[in-house]
Colleague: 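The structure is given below, and queries will be raised subsequently.
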Amino acid sequence: MTEYTLDKCKMIAQKVNSANELPYECKKYPEVVKSASLKRQGTQKSAFAGMQGGAAAQANRQRGKESQAQMQRRMTNSRRFTKKQ
């Protein structure tokens, strides 16, 4: 079994996407868990910065719901590939 020191856990925390991906041994260091969590939250929120309803857009993306523009692209222009020339 590998021993995880505080320094080694900090290096791992910089590379993981969320605190859930940290090894169990690293979760005993609260500053490591916090740094892994903060990094991921900042990147997700920056995509919707300044948008009205940005929190709702982020929640819908996590649930897998399409945005209005995605639905419109999917539902319109359905004959694009079947038009007779």
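Just so you know, these numbers come straight off a predicted model, no measurement behind them.
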Colleague: What is the distance from atom NZ of Lys8 to atom CD of Glu3, rounded to the nearest 0.5 Å?
Modeller: 9.0 Å
Colleague: In Å, rounded to the nearest 0.5 Å, how long is the span from CE of Met75 to CD of Glu66?
Modeller: 9.0 Å
Colleague: Could you grab the distance from atom CG of Leu6 to atom CE of Met11, nearest 0.5 Å is fine?
Modeller: 11.5 Å
Colleague: Grab the two heavy atoms, one from Lys65 and one from Gln70, that are nearest each other, plus how far apart they are.
Modeller: O-OE1, 4.3 Å
Colleague: Quick one: closest heavy-atom pair of Cys26 and Ile12, and the distance?
Modeller: SG-CD1, 4.4 Å
Colleague: Are Cys9 and Leu22 packed together at the side-chain level, in the sense that at least one heavy-atom pair is separated by less than 4.5 angstrom?
Modeller: no
Colleague: Ignoring hydrogens, what is the shortest heavy-atom contact between Tyr4 and Tyr29? Give both atom names and the distance.
Modeller: O-OH, 3.4 Å
Colleague: For a quick test of reading the model, state the closest non-hydrogen atom pair linking Glu25 to Lys28 and the distance between them.
Modeller: O-CG, 3.1 Å
Colleague: Taking all atoms of both residues into account, what is the closest heavy-atom pair of Lys27 and Asn20, and its distance?
Modeller: NZ-O, 4.0 Å
